[in-house]
Amino acid sequence: MGTYDMLNNKQREAVFKTNGPVLILAGAGSGKTRVLTYRISYLIEQEGVNPWNILAITFTNKAAGEMRERVDDLVGHGAEQIWVSTFHSTCVRILRRFIDRIGYDTNFTIYDTDDSKNIIKEVCKKLSLDTKQYKERSLMAAISSAKDELISPQEFLRNAAGDFVQEKIAEVYQAYQNELKRNNALDFDDLIGKTVELFRKVPEVLEHYQERFRYIMVDEYQDTNTAQFELIHLLAQKYRNLCVVGDDDQSIYKFRGANISNILDFEKVFPEACVIKLEQNYRSTQNILDAANQVIRNNRERKEKALWTDKGQGSKIHFRQFDTAREEAEYIADEIARKKRRQEVRLKDCAVLYRTNAQARLLEEYFIMQGIPYDVVGGVNFYARKEIKDMLAYLKTIDNGQDDLQVRRIINVPKRGIGAATINKVQAYADEQEISLYDAMRFADQIPGLGKSAQKLEGFVTLIQSFRSKLEFYSLEKLMKELIEMTGYVKAMEESDEEDVPDRIANIDELISKIVAFEAENEEATLRSFLAEVALVADIDNVDGQEDKVLLMTLHSAKGLEFSHVYLAGLEDGVFPSYMSIVDEDPTAIEEERRLAYVGITRAKDELTVTCARSRMNRGETQYNPVSRFVREIPANLLDTRVPGEKRFSFRESDSFEDSESDYSGFSGFSGFSGFGTDGGRGKKGFGVRPGTERPKAVKKDKTTAQDKKPFLVRGLDSLNGVGGLQKGTSGKGRLEYGAGDRVRHVKFGDGTVLAVAEEPRDYKVTVAFDGYGQKIMYAGFAKLKKI
DNA sequence: CGTACTAGTCTTTTT
DNA sequence: GACTAGTACG
């Protein structure tokens, strides 16, 4: 069959090796998705494998969707029978069917991080733990990593071996687990853990799935944790047709329990494994690959490999350093706008990647100023937003009244005059009767001491009950719309004087459209299936890449994606690599960051621009950071530090890359900065000063050559007046004091005439012809235009 | 019971 | 700087 001619030798080997365990070490851009899809099609078409017997596990829903699409194109029929999904959705499907075998109800709800945190809080209160000493955050982290390692509360307690703090954590863990069970809920980690438990405790269920999944494929294998590994291991045990694809250099989820030894030691667990390396890269230019290779070779914990391409050298990697993060953002926005004007790029070919979500803010400001359409991936997950969680809490309560947490969330939202005192009385009654909070409310008239509140509770119960009865003959869309109507949720929001009401209403509208889309895509769209799907949606899943917009996202979100033009922002020691990783005594912390750098660099197909700032505002304080060690690891001959003919040139002589070495030695000379120099801070602990904090004078130099600029501290203040307050700016869509034809003043662009004002859901879009700067489209909330 | 203000924490990344 | 939890007050 000619189809397979499109593959290179190694890829073909990986496709044709269908029996027994296979480890495919697939470098970035080496066509691993292609290999997986062809492998599936080969199994079906050439080896006559029943599509029903194939399981493909991916990392995100987006990846799963793409894989299914590509398999659909390759395989004539039966493709819909293949089970392609994420670890979490796979487990949900299994548990919905069989979890009753281990004592849970099959209509369990799924808790997100926010829900879990609330439970932890409750538990701490019950155990009267001091949350100053035992931070909810670290308790959650401890419990989560225990679950990642399949450690039960009992085992945790045993391991504590008398350590008081550990024993306390074990106690919290146990209580947390009890509470989840009482609410008939599972958290993210439980989805995996309970499936493993089910397989271990109920052999016939395991057997059933072993028989079904005779061919198993796992994508992004380097990111699996111990529990996920065990799950796969159990499933594959019988037929041993397990094919895992991954790249140890792209393992970036250690904080989430990913165990890199799963990939490094695959051959120990499966001695008969066949190992195939894919090293030809089809994505990037040689310069980009060389840079990536040179950076990653500084890691010790890895399998040796070297990517190559026949794509040609390409341009050098552009490196720019700025005085402030603000100038960095401005540069990136200007640069993309410039390329767009010259028609050198489509916006959707550009992405800006950064280490932390907070960095998106400044970039957004300047993209808006330039009128460049963009999307920010991530930040607060859509389904984690307050108003969305409220709506979902209603839906969950209608679906399943067992979940006290959801009931508590909405009982007084919008305000019904039901306060803490009332809830406590109901809770006491519920505890006494051993029923759920909601069920207790149904018998409000029997609860002593409620007084007038009993009526209010009745109203709430009637509301929920009426929706329950409508459930079977209402569409989800109708249910949702009527819910908003009957609860008066949006109405109450509109009447409140909160600031971001238009945004939040837009989010609720968005939720309705998601429900509509869900019903369109699924024939049997039930409330329960909707809630289950929604719990496992990642931000990246909603990126379709069709719209012509620049994408802004964290390096983590960018894994698996590629763009012609990539901007890596904030390449500073203390930002990237993160401060945390630098001070960590474990040297592999930096290695994880380096892998992240590797992921970032290898996202670029043609042009890569790396930027950093000398000073940056971080949680209210200005930091002064040196250039990232990762930039220094890129050989100088691959970098260009200035572009001929570039209009704005903001580099001081001393900042050209060759000279910057002296900057580093200067840095490591300061007592406060030891550990940030070339020695990488090996094992040094306890220097209390964060990178650059409180030491502006030491870093700032007098040689300012760019005469169009004020010293950056002053400039920072100026800019605050101009475009500060991003959040508030977008949210409060008040009345405008100007309209078309009016003269206005802008902090940066000076005076101009308003040409048009267009109303948008969040804000007003204003077109202004500036006297000096030409025509600009901007959002009123940000632009802060003054009528003159 | 609801509100308005204050103090403390936080960020590194997310299914 | 921004968000949140906790508190004091009406």
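The chains referred to below are lettered A, B, ... by the order of the sequence lines, with proteins before strands, and numbering in each begins at 1.
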Using the ring of A:F530 (Phe, Tyr or Trp, six-membered ring only), decide whether A:K514 places NZ or CZ under 6.0 Å from its centre and within 45 degrees of its axis. no
base_contact_polar (B:dT11 base, A:R619 side chain, donor-acceptor, <3.5 Å): no
Flag the pair A:R409 / A:D404 as yes when at least one side-chain heavy-atom distance between them is below 4.5 Å, and no otherwise. no
Verdict with supporting geometry, A:E387 and A:N507, side chain to side chain donor-acceptor pair (under 3.5 Å): CA-CA 8 Å; A:E387 58 279 9; A:N507 284 338; 2.7 Å; yes
Checking B:dT12, B:dT15, B:dT11 against the side chain of A:R256 (C-beta onward), the nearest is B:dT15
Let me know the distance between NZ of A:K389 and P of C:dT4, rounded to the nearest Å. 13 Å
Please report the distance separating the P of B:dT13 from the corresponding atom of C:dT4, rounded so that it comes out in whole Å. 15 Å
Report the relative orientation of the aromatic rings in A:Y253 and A:F59; use parallel for angles under 30°, tilted for 30 to 60°, perpendicular for over 60°. tilted
Would you classify A:F59 as touching base, sugar-phosphate or nothing, given that sugar-phosphate means primed atoms plus P, OP1 and OP2, and contacts are heavy atoms under 4.0 Å? sugar-phosphate
Protein-nucleotide distance (A:N357, atom CG; B:dT13, atom P), rounded to Å: 5 Å
Side chain of A:A421 (C-beta onward), nearest among B:dT15, B:dT12, B:dC1: B:dC1
Option passing side chain to side chain contact (heavy atoms under 4.5 Å, CB included) with A:L405 (candidates A:T109, A:L180, A:L437, A:N118): A:N118
By the 4.0 Å heavy-atom rule, please label A:F87 as base, sugar-phosphate, or nothing. nothing
Comparing A:I418 with A:E593, nearest DNA chain B nucleotide closer to 5' gives the residue A:I418
Spacing of A:H88 atom NE2 relative to B:dT14 atom P, expressed in whole Å: 14 Å
5' priority, DNA chain B, between A:M580 and A:N61 [closest heavy atom]: A:M580
Across the strands shown, which category fits A:K415 at heavy-atom distances under 4.0 angstrom: base, sugar-phosphate, nothing? sugar-phosphate
Classify A:K121 by what it touches in the nucleic acid, base, sugar-phosphate, or nothing, heavy-atom distance under 4.0 Å. sugar-phosphate
Could you tell me whether A:S557 contacts a base, only the sugar-phosphate backbone, or nothing, with contacts defined as non-hydrogen atoms closer than 4.0 Å? sugar-phosphate
Centroid distance under 5.5 Å and plane angle under 30°, A:F255 vs B:dT12: no
Specify the separation, in whole Å, of atom CG of A:N118 and atom P of C:dG6. 11 Å
Specify the separation, in whole Å, of atom CZ of A:F382 and atom C1' of B:dT15. 18 Å
Between A:K117 and C:dT4, is there a side-chain N or O to OP1/OP2 distance below 4.0 Å? no
Between A:E621, A:E327, A:E572, which is the residue that forms a salt bridge (Lys or Arg N to Asp or Glu O under 4.0 Å) with A:R616? A:E572
Rounded interatomic separation in angstrom, taking CZ from A:R355 and C1' from B:dT14: 12 Å
Measure CD/A:Q250 against C1'/B:dT14 and give the value in whole Å, please. 17 Å
Name the nucleic acid region contacted by A:T60, choosing base, sugar-phosphate or nothing; use a 4.0 angstrom heavy-atom cut-off, strictly under. nothing
Side chain of A:N412: nearest nucleotide among B:dG2, C:dA5, B:dT14? B:dG2
Rounded to whole Å, how long is the line connecting atom CD of A:Q623 with atom C1' of B:dT12? 12 Å
Hey, does the side chain of A:T113 come within less than 4.0 Å of B:dT14's phosphate (OP1/OP2), counting only N and O? no
Answer with base, sugar-phosphate or nothing: what part of the nucleic acid does A:A358 contact at a heavy-atom distance below 4.0 Å? nothing
Where the side chain of A:T422 is defined as all heavy atoms beyond and including C-beta, which of C:dA5, B:dT13, B:dC1 is the nearest nucleotide? B:dC1
Could you walk me through whether A:T588 and A:K254 satisfy the side chain to side chain donor-acceptor pair (under 3.5 Å) test, starting with their C-alpha distance in whole Å, then the side-chain angles of each, then the deciding distance to 0.1 Å, before giving a yes or no? CA-CA 10 Å; A:T588 66; A:K254 189 175 180 185; 3.0 Å; yes
Does OP1 or OP2 of B:dT11 have a side-chain N or O of A:S578 closer than 4.0 Å? no
